[in-house]
A.B. asks: 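Let me begin by handing over the structure; questions about it come next.
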Amino acid sequence: MLRAYRGQPVDHMPVWFMRQAGRSLSEYRAVRMHSNLFEISRSPQLAAEVTIAPVRRLGVDAAILFSDITVPLAAIGIDLEIKPGIGPVIAQPIREPADLRRLRPFEPEQDAPYVTEAVRLLVRELEVPLIGFAGGPFTLASYLIEGGPSRTHTRTRALMYGNPRLWRSLLDALAGIALASLRAQALAGASALQLFESWAGILDPQTYRTYVLPSTVPIFRGLADLDVPRVYFGVGTGELLADMGSAGADVVGVDWRVPLDQARMRLGRKVATQGNLDPAACLAPWEVVRERVTDVLRRAGASAHVFNLGHGVLPETDPEVLRRIVDLVHQHDVITPEGAAVDL
Ligand code: CP3
């Protein structure tokens with residue numbers, strides 16, 4: 001997987017699934033009966049157990065640390081709760097300059113030692129790379145401003161347009177938190193890093209370039225010395241791909257709304273890709289799943305690609321389908337032009 005992330009030739013296409021450790025696995029549900037998301041995240045042993053389960057069960061080529069994008073915010077004292085079936089809910093949203101004082105810098109080893117401890121535990125046990133992650137500044141800002149999940153992100157966009165100075169300070173503070181968190185995970189042993197900018201697809205390209213990209217570029221630049229592949233992911237980002245490709249990541253995630261070969265044209269040739277099966281396709285009969293997976297593989301061609309879903313595994317997904325997808329992807333011949341590096 002690390003070779004594919006770097007655009008180097010591979011003998012088979014690597015595959016992992018966003019949210020692979022979550023609610024579709026009985027192993028997770030068993031742990032979850034006794035502990036909530038934050039309790040699992042704060043226990044290196046439980047977090048490690050839940051992180052490893054899908055690697056064993058599904059045969060994926062990478063593990064993703066069990067945690068959440070809101071964990072660093074909770075660790076610096078933001079009063080937030082994860083409501084089952086809803087998502088992160090924040091008691092006192094951030095809407096005014098004075099509210100920014102609550103966003104103090106994040107010091108991973110002091111504020112959340114359990115995260116790096118879980119990483120250290122995992123890299124000793126795992127035979128596949130461990131992916132560390134953080135929330136992107138737009139996505140975290142949206143939760144903080146809205147006070148919870150939002151379909152329209154209206155308050156977020158209103159604050160962005162209405163108070164660009166406050167917006168920029170907020171995004172820079174969140175970018176600092178993301179960078180500190182990602183660096184700490186890499187220094188503890190994570191071999192790749194993913195920035196989940198899940199909700200940026202609500203913006204048009206010009207707005208994204210003006211209000212999000214300037215706070216995001218320093219995150220990827222701030223990781224450059226670590227020599228760890230950097231992945232940049234968002235949902236509904238078809239119109240943003242060219243700009244996301246210029247943010248400084250090595251890999252850009254592509255959801256299912258843009259066919260992979262078209263996404264690659266929008267991205268240019270500098271980055272590898274990851275995705276792009278519709279998570280809902282996993283709920284269809286196997287023949288349909290196979291057709292959809294094969295279509296992604298065909299469109300990937302000889303380009304540097306890591307197979308994944310376009311967004312997280314849906315809770316109702318049968319893990320057996322995911323396991324069969326892993327086999328199917330691994331059986332596929334990656335045709336690399338003779339003597340040439342992968343088509344990046
Ligand atoms: O991918 C993995 O398996 C690793 C663990 C992981 C979780 N959250 C665990 C989790 C990762 C990488 C995340 C990232 C995350 N968290 C994102 C970015 C990815 C994406 O889906 O776009 C976002 C937006 C969040 C915020 C968040 N946390 C949401 C929207 C939810 C779901 C709420 C719900 O119940 O529908 C959470 C909670 C959460 N994070 C769960 C898990 C397994 C469910 C918690 C539970 O069991 O109740």
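Ligands are counted one by one from 1 in listed order, and the atoms in each one are counted from 1 as well. We're numbering straight along the sequence, starting at 1.
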A.B. asks: Regarding Arg290 and Glu287, does a basic nitrogen lie under 4.0 Å from an acidic carboxylate oxygen?
C.D. replies: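 Yes.
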
A.B. asks: Among all protein heavy atoms in this structure, tell me which lies nearest to atom 30 (C) of ligand 1, with the distance rounded to 0.1 Å.
C.D. replies: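 Going by distance alone, atom 30 (C) of ligand 1 is nearest to Tyr143 OH, 3.5 Å.
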
A.B. asks: Check ligand 1 against Gly87 and write out every atom of the ligand that is under 4.0 Å from a heavy-atom position of the residue.
C.D. replies: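 Listed by number with element: 33 (C).
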
A.B. asks: Could you verify whether a donor N or O on one side chain and an acceptor N or O on the other, from Asp61 and His330, lie under 3.5 Å apart?
C.D. replies: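 Indeed, the side chains of Asp61 and His330 share at least one donor-acceptor pair under 3.5 Å.
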
A.B. asks: So if you build clusters from Ile, Leu, Val, Met, Phe, Trp, Tyr with side-chain heavy-atom gaps below 4.5 Å, do Leu179 and Leu100 land together?
C.D. replies: yes

A.B. asks: If we only count N/O pairs under 3.5 Å, is Trp199 in contact with ligand 1?
C.D. replies: no

A.B. asks: Taking only heavy atoms of Ala21 into account, list the atoms of ligand 1 that are under 4.0 Å away from them.
C.D. replies: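 Listed by number with element: 3 (O).
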
A.B. asks: Could you tell me whether the side chains of Tyr161 and Trp167 share a donor-acceptor contact shorter than 3.5 Å?
C.D. replies: no

A.B. asks: Below 4.0 Å from ligand 1: does a non-hydrogen atom of Ser67 turn up there or not?
C.D. replies: yes

A.B. asks: What is the nearest protein non-hydrogen atom to atom 47 (O) of ligand 1, stated with its residue, atom name and distance?
C.D. replies: Tyr28 OH, 2.5 Å

A.B. asks: Does a donor on one side chain and an acceptor on the other come within less than 3.5 Å for Glu146 and Thr156?
C.D. replies: yes

A.B. asks: Look at atom 10 (C) of ligand 1 and find which of Leu65, Leu37, Val313 reaches it with the closest heavy atom.
C.D. replies: Leu37

A.B. asks: Does the pair Arg264 and Thr273 meet the rule for a side chain to side chain donor-acceptor pair (under 3.5 Å), with working shown?
C.D. replies: CA-CA 8 Å; Arg264 179 151 289 281; Thr273 50; 3.1 Å; yes

A.B. asks: Report yes or no: does a heavy atom of Gly85 sit under 4.0 Å from some atom of ligand 1?
C.D. replies: yes

A.B. asks: Which of the numbered atoms in ligand 1 are under 4.0 angstrom from any heavy atom belonging to Pro88?
C.D. replies: 26 (C), 27 (C), 29 (C)

A.B. asks: Take every heavy atom of Gly312, measure it against each atom of ligand 1, and state whether any distance is under 4.0 Å.
C.D. replies: no

A.B. asks: Using a strict threshold of under 4.0 Å (side-chain N to carboxylate O), is an ion pair present between Asp111 and Arg104?
C.D. replies: yes

A.B. asks: Does the pair Arg323/Asp327 count as a salt bridge with the N-to-O cut at 4.0 Å?
C.D. replies: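 Salt bridge flag = yes for Asp327 with Arg323.
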
A.B. asks: Which residue and atom name correspond to the protein heavy atom nearest atom 14 (C) of ligand 1, and how close is it?
C.D. replies: Ile69 CG2, 3.7 Å

A.B. asks: Please work out which of Arg19, Arg23, Arg32 has its closest non-hydrogen atom nearest to atom 31 (C) of ligand 1.
C.D. replies: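 Residue with the shortest heavy-atom distance to the ligand atom: Arg19.
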
A.B. asks: So if I apply the side chain to side chain contact (heavy atoms under 4.5 Å, CB included) rule between Leu203 and each of Glu239, Arg157, His153, which one comes out positive?
C.D. replies: Arg157

A.B. asks: How far is atom 38 (C) of ligand 1 from its nearest protein heavy atom, and which residue and atom name does that atom have?
C.D. replies: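 For atom 38 (C) of ligand 1, the nearest protein heavy atom is Ile82 CG2, 3.4 Å.
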
A.B. asks: Of all the non-hydrogen atoms in the protein, which one sits nearest to atom 22 (O) of ligand 1, and at what distance?
C.D. replies: Ser198 OG, 2.5 Å

A.B. asks: In the protein, what heavy atom is nearest to atom 21 (O) of ligand 1, and what distance, to one decimal place, separates them?
C.D. replies: His311 NE2, 3.0 Å

A.B. asks: Would Phe138 and Tyr208 count as a close aromatic pair, with their ring centres under 6.0 Å?
C.D. replies: no

A.B. asks: Evaluate side chain to side chain donor-acceptor pair (under 3.5 Å) for Asp243 paired with Ser246, printing each intermediate quantity in order.
C.D. replies: CA-CA 5 Å; Asp243 294 303; Ser246 73; 4.8 Å; no

A.B. asks: Among all protein heavy atoms, pick the one closest to atom 11 (C) of ligand 1 and tell me residue, atom and distance.
C.D. replies: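 Here the closest protein heavy atom is Phe133 CZ, 3.6 Å.
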
A.B. asks: Check for me whether Gln194 has a heavy atom closer than 4.0 Å to any atom of ligand 1.
C.D. replies: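 No, that is not the case, since the closest heavy atom of the residue is not under 4.0 Å from the ligand.
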
A.B. asks: What residue and heavy atom of the protein are closest to atom 40 (N) of ligand 1, and at what distance?
C.D. replies: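 Closest protein heavy atom to atom 40 (N) of ligand 1: Asp68 OD1, 2.9 Å.
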
